[in-house]
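Structure first, commentary second.
Letters A, B, ... are given to chains in the order of the sequence lines, protein chains preceding strands, and every chain is numbered from 1. Quantities reported herein were computed from a predicted structural model and do not represent experimental measurements.
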There are 2 protein chains.
Amino acid sequence: MYLPVDAAAPSGLNRAMSDPLDTVFAAIADPTRRAILSMLLEDDMAVTDVAEPFEMSLAAISKHLAILTRAGLISQERRGRVKWCKLEPDALRDASIWMQSFGQFEAVNLDAFERFLAAELGHDG
Amino acid sequence: MYLPVDAAAPSGLNRAMSDPLDTVFAAIADPTRRAILSMLLEDDMAVTDVAEPFEMSLAAISKHLAILTRAGLISQERRGRVKWCKLEPDALRDASIWMQSFGQFEAVNLDAFERFLAAELGHDG
DNA sequence: ATGACGCTCAACCGGATGGTTGAATATGGC
DNA sequence: GCCATATTCAACCATCCGGTTGAGCGTCAT
């Protein structure tokens, strides 16, 4: 129930099987992509606008966005010639839960956090 | 402050700067390493015992353990000729906090969130 | 229709990653 | 001292990753 799933079968069966956790954690392991997620926290953005503050090519940012999309962390909707990027925070939830399973640190547990959010937002987002 | 740090400076300054979050997330992006962490959740283990259920060489596992150690996720204490591996769950805490800052966010009062975190983390053991 | 804009594709590059093998370096037991 | 055990080191390999550049493609404006 609370145990990380692939712990039960380290038998190489899950090799190259691409657990969603793989892609999510790999996606947020890159500082550029974390920065992008932070930007999208504030607002949906077009690809060009996402790329603007970075000192790398548009193509590079486009690749980063593709990786984030594949991980389910953002979604991209094309409107006209502009592609809008939107944060999809739900994708982090499973990863977060996995981490919580190690949660002796129990510093921020989901229950407390959600109570906090409920109090803050007045709804259960 | 409380928000993902590199969000403020996506200016390429943090390139090759090796944010701890980079190493932690990269470490747990690998299913083998996640499985190892799960195993260590139950008990401290010697390197050979960690390697036993996997279908890969001892040297490979040794490398994985080195990566987990560098990320601070485990510690290794040599006793005699045996090196014992111990889970260090605290290393996941910052990563967890970073993730939760995204998880649910819509329009949370960040100041309140910071106070919440301060209160929660204040009593760390 | 032409051209600027927004974005992706394709090819390429250097460096990291994840694995292998075989040798090397302790340490412990007899 | 000698051998087995526990672990790492070193070299090597294939593949992936993050970046570049330049061309290509769809879309909007004139």
Original post:
Within this structure, what is the CG-to-C1' distance between A:Asp22 and C:dG18, rounded to whole angstrom?
Top reply: 13 Å
Original post:
Nearest-Å distance, NE2 (B:His64) to C1' (D:dT7)?
Top reply: 16 Å
Subject >> Among C:dG19, D:dA6, D:dG18, the nucleotide that comes nearest once only the side chain of B:Thr32 is considered >> reply: C:dG19
Original post:
Can you check the A:Glu77 CD to C:dG6 P distance for me, whole Å?
Top reply: 18 Å
Original post:
Atom CE of A:Met56 and atom C1' of C:dG14: how far apart are they, to the nearest Å?
Top reply: 16 Å
Original post:
D:dT20 C1' sits how many Å from A:Phe54 CZ, rounded?
Top reply: 17 Å
Subject >> Spacing between B:Glu52 atom CD and D:dT5 atom P, to the nearest angstrom >> reply: 16 Å
Subject >> Nearest-angstrom distance from the residue atom CG of B:Asp49 to C1' of D:dT7 >> reply: 13 Å
Subject >> Donor-acceptor contact present, side-chain A:Ser96 to main-chain A:Leu92, <3.5 Å >> reply: no
**OP:** Return each pair, listed once, that meets ring-ring contact (aromatic ring centres under 6.0 Å, His included) where at least one residue sits in residues 68-87 of chain A; pairs must be two or more places apart or across chains.
**Re:** none
Original post:
Does any pair with a residue in residues 24-53 of chain A pass ring-ring contact (aromatic ring centres under 6.0 Å, His included), and if so which ones, sequence neighbours excluded?
Top reply: A:Phe25-A:Trp98
Subject >> Side-chain donor/acceptor of A:Arg33 to backbone N/O of A:Ile28, under 3.5 Å >> reply: no
Tabulate protein N/O versus nucleotide N/O from nucleotides 28-30 of chain D, keeping only pairs under 3.5 Å, one per line.
none

Subject >> Residues which pass side-chain hydrogen bond (donor to acceptor under 3.5 Å, both in side chains) with B:Arg78, listed by chain and number, not counting sequence neighbours >> reply: none
**OP:** Please figure out whether A:Ser57 or B:Ala46 has its closest DNA chain D nucleotide nearer the 5' end.
**Re:** B:Ala46
**OP:** Using atom CD1 of A:Ile67 as one end and atom P of D:dC17 as the other, report the distance to the nearest whole Å.
**Re:** 7 Å
Original post:
Got a sec, which residues hit side chain to side chain contact (heavy atoms under 4.5 Å, CB included) with A:Ala26, two or more places apart in sequence or on another chain?
Top reply: B:Ala29
Original post:
Got a sec, which residues hit side chain to side chain contact (heavy atoms under 4.5 Å, CB included) with B:Arg70, two or more places apart in sequence or on another chain?
Top reply: B:Ala66, B:Ile67
**OP:** Can you sort out the partners of A:Gln76 under side-chain hydrogen bond (donor to acceptor under 3.5 Å, both in side chains), two or more places apart, ordered by chain and number?
**Re:** A:Thr69
Subject >> Contacts of B:Lys86 that satisfy salt bridge (Lys or Arg N to Asp or Glu O under 4.0 Å) - sequence neighbours left out >> reply: B:Glu88
Report each atom pair, protein N/O against N/O of nucleotides 8-11 of chain D, whose distance is under 3.5 angstrom.
residue, atom, partner, partner atom, Å
D:dT8, OP1, B:Lys83, NZ, 2.7
D:dT8, OP2, B:Ser62, OG, 2.4
D:dT8, O5', B:Ser62, OG, 3.4

